[in-house]
S.K.: 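Here it is: the structure, laid out below.
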Amino acid sequence: MDADHWNEAYARLGPDGVSWFRTDQSPSLTLIGSLPEAPGSVVDIGGGASTLAGELIAAGLRDITVLDVSGSALGSARGALGARAGQVRWVTADLRSWAPDRTWHLWHDRAVFHFMADPADRAAYVRVLRAALCPGGHVIVATFAPDGPPTCSGLPVMRYTAGELMSALGDDLVLVEARHEVHVTPPGVRQPFTWVLARRRADPGQDNLK
């Protein structure tokens, strides 16, 4: 997850040429739209050059944070948003060592967690997730599915079923919905993904939340 690795990838391929780039944000937007109410705040983990922040602004959300280890990617996203970029808080940081200074109602991560191949990195991710997510808040996490590729951008990745992903994220999250989706990369390669939408228990003693 070295910043130089990702800055080089964006410089070499361009913000819309990296394999994880997509113009269609419907998987994320559909899950966000299924929430009982619009989230009051969103943090997009590994948002990079994604167009999601712009889609959320267009949907009326106003408290949006985008975090990525690549300052180059965030610069591309800011540039694409133009005058609207000021409506987003941009954070350049390595998630594993990030110390969030507040909490959010929705944690969104498309394709960061599966890079946490080292158990210590997974533990750091979960620790930051706990610090950043409101009690009763929601998480959306997408990783490569079991039939997905074993590497991405030259790095090893973990592949998950929905059940395995929920176990890795911790038992204070309750699964709301799981989906399987195939992302087609800019070069046309098919990448199967597992998506989960989960809710954090408002009270750690609760077994279920409706």
Side-chain angles (χ1 to χ4, degrees), residues 1-2 5-6 9 13 16-35 42-52 67-70 73 94-96 106-130 132-133 137-201 207-209:
M1 299 298 288
D2 180 75
H5 175 90
W6 298 108
L13 300 170
D16 58 356
V18 293
S19 64
W20 52 93
F21 182 78
R22 67 185 307 159
T23 55
D24 175 18
Q25 301 294 336
S26 58
S28 297
L29 294 173
T30 298
L31 289 173
I32 294 171
S34 73
L35 297 175
V42 179
V43 57
D44 186 17
I45 302 300
S50 170
T51 60
L52 180 63
L67 177 143
D68 202 280
V69 72
S70 171
D94 184 329
L95 173 71
R96 297 167 298 181
L106 174 64
W107 170 286
H108 176 274
D109 164 16
R110 177 183 167 271
V112 171
F113 187 65
H114 64 204
F115 284 106
M116 304 293 147
D118 187 292
D121 289 343
R122 290 196 295 277
Y125 180 106
V126 171
R127 182 171 60 252
V128 175
L129 169 60
R130 293 295 173 276
L133 185 64
H138 289 84
V139 300
I140 294 172
V141 177
T143 68
F144 282 154
D147 53 342
T151 64
C152 182
S153 191
L155 299 175
V157 298
M158 302 289 290
R159 295 173 288 180
Y160 294 94
T161 65
E164 290 166 343
L165 183 51
M166 289 299 300
S167 293
L169 292 173
D171 59 8
D172 67 337
L173 296 177
V174 179
L175 180 64
V176 176
E177 184 174 348
R179 297 188 173 202
H180 183 274
E181 180 244 350
V182 176
H183 165 61
V184 180
T185 71
V189 177
R190 294 167 61 85
Q191 294 180 335
F193 271 79
T194 294
W195 289 76
V196 296
L197 166 63
R199 183 174 181 179
R200 186 178 189 180
R201 293 184 173 94
D207 291 328
N208 294 286
L209 279 174

S.K.: Is there a side chain to side chain contact (heavy atoms under 4.5 Å, CB included) between Leu129 and Leu173 once you walk through the steps?
M.R.: CA-CA 11 Å; Leu129 169 60; Leu173 296 177; 4.2 Å; yes
S.K.: Considering non-hydrogen atoms only, spot the tightest contact between Asp68 and Gly48 and give its length.
M.R.: OD2-N, 2.9 Å
S.K.: When you compare the side chains of Ser26 and Asp24, does any donor N or O come within less than 3.5 Å of an acceptor on the partner?
M.R.: yes
S.K.: I want to check something: taking the side chain as every heavy atom from C-beta on, are Met158 and Glu164 in contact at a cut-off of under 4.5 Å?
M.R.: no
S.K.: Without swapping roles, check the side chain of Arg110 against the backbone of Asp44 for a donor-acceptor pair under 3.5 Å.
M.R.: no
S.K.: Taking the side chain as every heavy atom from C-beta outward, state whether Arg96 and Asp118 have any pair of such atoms under 4.5 Å apart.
M.R.: no
S.K.: If every non-hydrogen atom of Pro149 is compared with every non-hydrogen atom of Pro192, which pair is closest and at what distance?
M.R.: CD-CD, 4.5 Å
S.K.: Check whether any side-chain N or O of Arg200 sits under 3.5 Å from a backbone N or O of Arg130 as a donor-acceptor pair, and report yes or no.
M.R.: yes
S.K.: Strictly distance-based, threshold 3.5 Å: is any side-chain N or O of Arg159 a donor or acceptor partner for the main-chain N or O of Gly148?
M.R.: yes
S.K.: Should Val141 and Tyr125 count as side-chain neighbours, where that means a heavy-atom distance under 4.5 Å?
M.R.: yes
S.K.: Specify the closest pair of heavy atoms between Ala168 and Val126, including all atoms of both residues, with the distance to one decimal.
M.R.: O-CG2, 3.5 Å
S.K.: Give, for atom CZ of Phe144 and atom CZ of Phe193, the distance between the pair rounded to the nearest 0.5 Å.
M.R.: 4.5 Å
S.K.: On a heavy-atom basis, which atom in Pro156 and which in Phe115 lie closest, and how many Å separate them?
M.R.: O-CD2, 4.2 Å
S.K.: Under the criterion side chain to side chain contact (heavy atoms under 4.5 Å, CB included), I'd like the reasoning laid out for Glu177 against Leu31: C-alpha separation, chi angles, the key distance, then a yes or no.
M.R.: CA-CA 8 Å; Glu177 184 174 348; Leu31 289 173; 3.8 Å; yes
S.K.: So how far is it from Leu95 CG to Ile45 CD1, rounded to the nearest 0.5 Å?
M.R.: 5.5 Å
S.K.: Counting N and O atoms only, with roles assigned by atom type, does the side chain of Arg179 sit under 3.5 Å from a partner on the main chain of Thr194, one being a donor and the other an acceptor?
M.R.: no
S.K.: How many angstroms lie between OG1 in Thr30 and CG in Leu197, if you round to the nearest 0.5 Å?
M.R.: 11.5 Å
S.K.: Can you measure from NE2 (His183) to CH2 (Trp195) and round to the nearest 0.5 angstrom?
M.R.: 10.0 Å
S.K.: What's the separation between atom CG in Asp109 and atom CE in Met116, rounded to the nearest 0.5 Å?
M.R.: 8.0 Å
S.K.: If you measure from OG on Ser28 to NE2 on His108, what distance do you get to the nearest 0.5 Å?
M.R.: 2.5 Å
